[in-house]
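These notes are about the structure you will find just below.
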Amino acid sequence: MLRTCTWLFKGFIDFFFPPLCAACGERLGEDEEVVCDTCRQSFTRVPKPLCLRCGAGGVKAKQKDCKACPEKPVFFDLARAVVLFRGSAREAIHTLKYKTRPEVGPVLGRPMFLYLKRELGDETFDAIIPVPLHSSRERKRGFNQAELVAEEMARLAHIPLIPEVLVRIKSTKQQTQLPPEKRRQNVAGAFALRIAEPILGKTILLIDDVYTTGNTVNEASRVLKEGGASRVCVLTFARV
Amino acid sequence: MKRPAVIATLVLIAGLVLGRFIFIPPVIVFVALGIIVGGEAWLLFRARKSGQVPPSGELLMVAFLLIGVFLQNGIERENAHDVAMVQAVQDIERVELEGVVAGEPDERERNTRIVLKSCRVKTALDEEEFELATRVLVVFTGRAKEVVDELVVARGDRIRVWGRLRQAPYLANPTLFNYRAFLRQRGICGLVRCYYPVNFEAVSKPDERSIVAWALRGIFLYKRECVALFERAAGKETARVMEAMTLGRSHGLEAKERERFVRTGLVHLFAVSGLHTGLVVLLLFIVLRLAGLRLQASAIATIVGVCFYAALTGFRPTVVRAGIMASCFLGSFLLKRQVEAISTLAFAAFWVLLFNARAVGQADFQLSYVSVLSIILLKPVLEEILFFKQKRDQIGVKQWMYVGNRYVLNPIHILICVQLGLLPLLAHYYHTYSLVAVVANLIVVPLGFLVIILSLLISTVGMVAFGVAQLLGYATVGVVALIRWVNDALASLSFAALHLRSFPWWLVGAYYLVLAWGSYVIAQKGPIAAAKRKARFLLTLGFVVALLVWFPVLQYAGRGLVVYFLNVGQGDSIYIEFPGGENMLVDGGSDFSVDMGEFVVQPFLRNRGVDELSVVVATHGDQDHIGGLGTVLENFFVGLVVEGSSEVETAKFQEFEGTIERLGIPRHLVGRGDRLAGISGVEVMVLNPDAKMRGHLGRNNDSVVLRVRYKDATILLTGDAEAIAERGMVESGLELRSDVLKAGHHGSKSSSSEFFLKAVEPRIVVISVGARNRYGHPAAEVLERFQAIGARVYRTDRDGAIVVRTNGRRLLVSITADQN
């Protein structure tokens, strides 16, 4: 009886407000969730070979000074992204961030977990930290998209999530809108440690949704390293 | 289907419109619905069994179309049946009416209105009994009002009333408010007035009420309590505005002030709208969140609160719309399902129409939904062209720009969207299009919000600590005064508003097409060549310019001669538009109780966009001819007043002369054989009075009689001229033959003598007469005379205002009143 009622109610809701794909806006099929299969398949992996440090794709094998790396010094030990920030991946992230659909977060977290197992399987992480948002922006958006992604990963990978460690103390402009020379300056001093104890001598996995110039995660890594973390790896869902 | 809710609603509306023109027998509808629903269920079941994708419901759309037609057919049938029934009994002084209270009583200053449904009518004479499908409005006045207010009837109560059941009276005039149609759109076909407490009784006992009825009655009493608090805290004047803004009592404004608020586009503040509901929802949600409730709990509690607020305002369509939309958004948090604004809007419309199909024709429904629709559709487009959006995150954008964007630019965008989207509707319902609406709303809406917040505070705090409420009340008085002051300042600007006529249907279509196409062109994304984009933009611009140019041309040009015999009850008022652009008003009659100049002539002229009158003719000094002319002289630029006699015989005429004098309007005394100068292409000949006999034959026979000739078409306007004057005109040898004759003296037997009619030979006769007038006009023998010469007779009491158009050869007569 209850099952029939829920089924009817779901049918009613589905009729008037059909579930739509977060990336392309098409109607989702019965077994699809949030992002449709077509869009998921159109996500493009970052092409190998990668820059061993920043994870930029299509770098010639022996090139040492990768142009995509952030300005020296680089504080993180390695950075990786699952897909390229274009097409449906871009749309999905935009939907998550600007159209306020938190349910997209876990959808991105899952492929990141699979990537972690596959590509970074020999690393062991002591803790996961999402890149924080400034409190004013988080309040406006209602959530931190990096944290949503990180939550799902932490759940799947059984790694403790410690979002309380890092805070953003400066409200910064979006990196994409700045000329390269100003980017570093823009995020300088944006982060601070609230408590250093949980990261002392630990290997940290830093999570964000998009890797654009690397300056943001670099600055966050600097703070973590200075706070005593022994190793900081960065994993984002997408990169430019 | 990505947005089935939108399609379902459009289909339902299409069905409702279609239902006006076609009739599908209910049996066929039910069989078809059965097949469709059965088929759909079978498809669903099969899909569920085999795990396939379920059907997305295209078939159901056909069902909605059928439902729409069925509902509309039902409405038409009910209307026709009940109007016939009411007409059959409307001459009986006293019938017994028993019905169920359909909504909460609408308590006004002078009367209380209660709508009854499922009415059973018993005529006292022969105990004949019948039922009405539509509703009846009962107006309680005087002692009856006091008693019924004390009783506090609740929804669902049965009451019995004795009185005359009739259709709502109204004066049918083009573009003017039609009370009968207004009520009918709300499903009300009959009206009963009740003056004495002995003429009604409550049939059902209080303990028969349902829980819902008790709850609604409780809400109603709470509302009354609020009103009393408002009045105590802020005084009666301010309290009325507060009531209108927060509780949806719409009678808070007097006509003149209302007009000023229409001029500034602010009148929406005085009906509880979606804006108010949105504010209430937001406040409630924030308060609950601050109180420490979790997101889900706050969402559910807010939905409950919205339902309460909707009940408080008597389930007005706008509030229901905003309430459903807000609930959808809050529900989307709970169900983690993205909902688009347009789908929630459609969802709201769908259910409102399904339960009350008549709403589709109602002004507040249309205004409410179209304004929200235009915000949803046009705002993104407007943001593309008017600053920001792309610039939002760019370098060099300072903090103040964010703030400016959010609190100034954003509202401006919204206001422009609403103004664009509502243009045809505002032209139709208000005949006024405010040019200062954006500015006025920007200033006054925040003040309005302040009033609402203060009212809410007063209504809650005042129950516990009246002293605080009193202080808040003083603040409210100040804010309301400020609103009035700002509004008056803006309304007095000469360019504050345009007067627009209703758009013909094709122009409405063209307007929305251009709007849609323009939005499409501007909003187009993706790789389009710049040249192509530019070309499309220019094309749109061309469309808009063409529309702007052709609009006045088509509305005002090539109209020939148009004569409006206005319906002013027992009296004359004839407005003529000449092909050359001049115009003339002949009389502006009134009875003694109502100034028809104020209530009919002036709004009619305003709605036609008239500011100047080339000539005003006062045929003679009787109240029913010049009673309303004073108002006209005061409010319009009048070039010349034409009179037939200067002898002051009536008080009204003296007053009228005084007004002319005071305003310094040139005055012209005319006599037989004169011609009115300055009218191009049309000859206006004066046939009466005879200058030599002026003052000797009585007032009526000194009436100015005019013969208007445009090419081959002729119209004779006779004022109150009687047989003596008629003989004089015939004997004068002047050309009298006319196509249209306005019968002298409202069809009295003292005028329209046989020899006069023989000289005039009218094909069309217009009698300007009030329904059930005490003089017995028009006289039966006069009607017989008209019949004898084979003239077609039009009467303002039956046909409403009568409009005669001519291109100089053919005559086209149209009437204004409904046929039933």
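The sequence lines fix the lettering, A, B, ..., with proteins before strands; numbering per chain opens at 1.
Counted within 6.0 Å of NZ on A:K170, heavy atoms from surrounding residues, nucleotides or ligands total more than 12; the atom is thus considered enclosed. Heavy-atom contacts from other residues, nucleotides or ligands closer than 6.0 Å to CD of A:E164 number more than 12.
Residues satisfying the side chain to side chain contact (heavy atoms under 4.5 Å, CB included) test with B:I35, not counting sequence neighbours, are B:V31. Residues satisfying the ring pair (Phe, Tyr, Trp, His ring centres under 6.0 Å) criterion with B:F30, sequence neighbours excluded, are B:F70.
Side-chain atoms of B:T344 and A:F17, non-hydrogen and from C-beta on, do get closer than 4.5 Å to each other.
Near-neighbour residues of residues 370-379 of chain B relative to chain A, defined by a heavy atom under 4.5 Å from a heavy atom of that chain, are none.
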Donor-acceptor pairs under 3.5 angstrom involving side-chain atoms of residues 284-292 of chain B: please list them, not counting sequence neighbours.
| residue | atom | partner | partner atom | Å |
| --- | --- | --- | --- | --- |
| B:R289 | NH1 | B:L293 | O | 3.3 |

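Only the side chain of B:L60 comes within contact range of chain A, with heavy atoms under 4.5 Å apart.
Aromatic ring orientation, A:F12 versus B:W351: tilted (interplanar angle from 30° to 60°).
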